[in-house]
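On a predicted model such as this, the values are computed, not experimentally measured, just so you know. Below, chain A is the first sequence line, B the second, and so on; all start at residue 1.
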Protein chains: 4
Amino acid sequence: MIVYFKNMRTRDELKQEAIFEATVKLVNQTGFVAGSVAKIAREAGVSPATIYIYYKNKEDLLVSTYKAIKQKIGVAFLKDFDDSLPVRDILKKLWDNGFEYISIHSEYFHFAEQFSNSPYAEMVDRAEIEKLFEPVFKVIERGIAQKIIKDVPFEVLSIFIYFPIMTLSNKRLHGDLIITDEIIESAFKMAWDAIRY
Amino acid sequence: MIVYFKNMRTRDELKQEAIFEATVKLVNQTGFVAGSVAKIAREAGVSPATIYIYYKNKEDLLVSTYKAIKQKIGVAFLKDFDDSLPVRDILKKLWDNGFEYISIHSEYFHFAEQFSNSPYAEMVDRAEIEKLFEPVFKVIERGIAQKIIKDVPFEVLSIFIYFPIMTLSNKRLHGDLIITDEIIESAFKMAWDAIRY
Amino acid sequence: MIVYFKNMRTRDELKQEAIFEATVKLVNQTGFVAGSVAKIAREAGVSPATIYIYYKNKEDLLVSTYKAIKQKIGVAFLKDFDDSLPVRDILKKLWDNGFEYISIHSEYFHFAEQFSNSPYAEMVDRAEIEKLFEPVFKVIERGIAQKIIKDVPFEVLSIFIYFPIMTLSNKRLHGDLIITDEIIESAFKMAWDAIRY
Amino acid sequence: MIVYFKNMRTRDELKQEAIFEATVKLVNQTGFVAGSVAKIAREAGVSPATIYIYYKNKEDLLVSTYKAIKQKIGVAFLKDFDDSLPVRDILKKLWDNGFEYISIHSEYFHFAEQFSNSPYAEMVDRAEIEKLFEPVFKVIERGIAQKIIKDVPFEVLSIFIYFPIMTLSNKRLHGDLIITDEIIESAFKMAWDAIRY
DNA sequence: GATGAATGAGTGTTCATTCAT
DNA sequence: CATGAATGAACACTCATTCAT
């Protein structure tokens, strides 16, 4: 049993979280371009100056938010990761994890996408992000070695097995299409057909 | 007395084109956020006020530029479109056209992508854009009817046959990978494997 | 006879002058530290943005204002400069010119002094300013050569013949003392006693 | 139990001194304008809030610092003051004391000068400062009575006997000139020639 | 048609100061 | 006594847009 004492969470943590949420929410609502520090502050219910206590500057705010989101996404994708299963099953699990997380936190994906297409994207170390997905890389490599997966660069494989998750989760890109379990299922079949040997 | 010869490009057309090019160039260089009207004007060698002669406001400038680019891309993709060929060959032709055009006009794709991830994206009528690709839709429909292509919504198919072109053309997304003819070839094979029946 | 047509002065010149006057006035009233761009703009009756049409940034505004003032002061000091007179008479004329100009434009001197003690002072080329006073340097050199003036570095001489003018014009430094013609006279005698051979 | 020994410097005194030094240092480094309370606090190794324990507000901090410096300077100038010597010798001693102290504590002079040219200068009682130099006034008065020194207001005398020390110590005002003992010597001769009867 | 000048509203950021702990 | 957190107001500067010419 977990007991939360009064003030167990300090004032700061609450505030930092409020800023995080506000940043994500605002970018979702009005886009990266219009996401000004003042607006984020108002959304978070704090003074603009307060943001500069927790973050060095706007870039730091956005980059840190992006990294935190990528961390969350990485953990969610790898939930119940089991190395010993067949490659296809592992990828299916990742795929399902992805869509499950999206259904709960689509705003994280939207933020990540907006961020990736902004000039700030260059300020994050890609290697740092990719490390989160290293177990997946290992599986893919094994699949290639066992001639289960096509022998093409990883970047190309990801276009068919990772990006579709992002694209399907993006309302702007597929308009009125409702993402049912059936569609998720058949899309995975397509992704697997694309990459399998 | 001023005489305009047939097909002569008037001063105005030249200016509008200069604004178009400047808009694309600036968004490519400094991103959507930093692409201010004043900077576009300077780049185009005109006064900021002049831009408001040709476009109602900044939104109009960007949306119009996007539409014009989409038009150019649509035409390029459908070059030498031949309805009578097998479905696979038609799609392969589109695929190759796409990469050829990208190699010449990557700045158009970059602009389009930035635009898609901006709040302005909601201001364009998707149907209008999609009309450009109608012949392709027809082919796909035929493919589905003939059980050559999987019977899934068009939006899902496009994730595997259209988006990969965009993704592969985006330097930011695939890092150091150099897009060779061989990669284009094998990526198409994967796309086709994904969508074929 | 000079005729001023209506609109002979363009709108801009009036505005630039208003900004110049406002800059001087504000620094006089509230000191260099408190002289913000917004306040200067309000004083000049223009928008803050307008200042950035005429000046690149705040530094440019202040440095340009300083240079313009130094120019005015230089011209005023050298009024009716006559090379052929005895050294003492030339310096006396400069001295009197200085106090005459101060009695009309003490705000220029106050601005110049404030500027000299600000970090912006380093941004002006001293040589450029000193060129305005070159004729005086020549006279001093002659005085030294003829053993009329003490043979010490020019910087030391100026402490006794130039700085006293500035100091006496500074109300803050001499408190309640009223600068009469008699004081100006006897102060020059002291200055001359200091530098003469 | 905490025991304070006689003459032991308590934590508080050390902290106040740290703030004093930090204030002087920062104004020397970045000028009066950029010397923010937060920066002074960081330089002193204390919290901004701590400064408000020792000083009512920023004005109080700066004014107090100025007064303390003026006190130090006053004491230094009057070191080994001997009423019984001839007027000229007394002033020479003051002059030499001044330059000696400048060579050790130029940062105090720089601060004092910056302060004098700030709006805060009006907030100090000049009489309070002048009292420190009262013994000098007496000597001057005696000199005037004995017809050794010119009979002009004290404010005018100080322009030739006190301000030159400040001006010569100001690197910004005399550029590349290096202040040697010889220059100090001849400058005093000039100052004396200026004021002597 | 084309422009440079002009601007109110906004940008990101720092300020002096207060307050709960 | 000492502090880090917090803030409204100000900072220098840029924005999209309008307007007189």
Tell me, which of residues 34-50 of chain B have any heavy atom that sits under 4.0 Å from an atom in DNA chain E?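 Nucleic-acid contacts, sorted: B/V46, B/S47, B/A49, B/T50.
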
Hey, is the side chain of [X] poking within less than 4.0 Å of OP1 or OP2 on [N], counting only N and O atoms?
X	N	result
D/Y54	F/dA2	yes
D/K15	F/dC1	no
B/Y55	F/dT17	no

Atom-pair distance ([atom1] on [X]; [atom2] on [N]), nearest Å:
X	N	atom1	atom2	answer
C/Y52	F/dT14	OH	C1'	9 Å
B/I53	E/dG4	CD1	P	12 Å
B/D60	F/dA16	CG	P	14 Å
D/L62	E/dA16	CG	C1'	12 Å
A/Q16	F/dG4	CD	C1'	14 Å

Dot-bracket, 5' to 3', for DNA chain F please: Watson-Crick or G-U pairs under 3.5 Å, [ ] where pairs cross earlier ones, | where the partner sits on another strand, dots elsewhere. .||||||||||||||||||||

Applying ring pair (Phe, Tyr, Trp, His ring centres under 6.0 Å) between D/F115 and each of D/Y66, D/Y108, D/F109, report the one that passes. D/Y66

Might you point out which heavy atoms bring A/F111 and A/T65 nearest each other, and give the distance in Å? CZ-CG2, 3.7 Å

Earlier contact from the 5' end, DNA chain F, for A/I51 and B/K58: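 Nearest-nucleotide comparison on DNA chain F picks A/I51.
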
